[in-house]
Amino acid sequence: MANSKKSKSKSSSSSSSSKKTVWSLNKISFWTIVAVTILYAVALILSAINASSLAAAVKALQGIATAIMVIIVSILAWRYVRPKQVVWKVLYAICLLIVIAGIIVPLILI
């Protein structure tokens, strides 16, 4: 009986302390969406003003927002792929290279 009380108190204290310090995947995802939304909203407003001098700023903000999302998604994808077979890792690398090329090449060609 005494042992069960000790284990209950230990588990409740450890779970309450971990909730304070750990950034969960849900929290990171939410704040990423908030930050990216702000970047896209500013880019949209600058685009609506239609000032040619601000076109570079609009493209830069959209590029930053896209880069943030790609980085976070690629980290989460790697966590999924890491314990899998080599074929999955190769597929991950190919997909990531194509996504990066899809972001960079249009910026170069413009």
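Here, residue 1 is the first one in the sequence, and each next residue gets the next number. All values below come from the heavy atoms of this structure, side chains included, with hydrogens, waters and symmetry mates left out.
When the side chains of ILVMFWY residues are joined at heavy-atom separations under 4.5 Å, either directly or via intervening members, Leu39 and Ile33 end up in two distinct hydrophobic clusters. In this structure, Ile71 is not a member of the same hydrophobic cluster as Val36, with clusters built from ILVMFWY side-chain heavy atoms closer than 4.5 Å. By the criterion of side-chain heavy atoms lying less than 4.5 angstrom apart, applied directly or through intervening Ile, Leu, Val, Met, Phe, Trp or Tyr residues, Val70 is not grouped with Ile98; the two fall into different hydrophobic clusters.
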**Report entry** Candidate pair Val73 and Val99, rule side chain to side chain contact (heavy atoms under 4.5 Å, CB included), full reasoning
**Finding:** CA-CA 11 Å; Val73 169; Val99 167; over 6 Å; no
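Panel note: side chain Lys84, backbone Lys89; no donor-acceptor pair is recorded below 3.5 Å.
Within 6.0 Å of the CH2 atom in Trp31, the count of heavy atoms belonging to other residues, nucleotides or ligands does not exceed 12.
By the side chain to side chain contact (heavy atoms under 4.5 Å, CB included) test, Ile104 pairs with Ile100, Ile108, sequence neighbours left out. Remark: Ser74 pairs with Tyr92, Leu96 by the side chain to side chain contact (heavy atoms under 4.5 Å, CB included) rule, at least two apart or across chains. Legend: residues meeting side-chain hydrogen bond (donor to acceptor under 3.5 Å, both in side chains) with Thr66, ordered by chain and number and at least two apart, are Tyr40. Scanning for side chain to side chain contact (heavy atoms under 4.5 Å, CB included) contacts around Val90 gives Val86, Ile94, with sequence neighbours left out. For Leu76, the side chain to side chain contact (heavy atoms under 4.5 Å, CB included) partners two or more places apart in sequence, or in a different chain, are Leu25, Ile72, Arg79.
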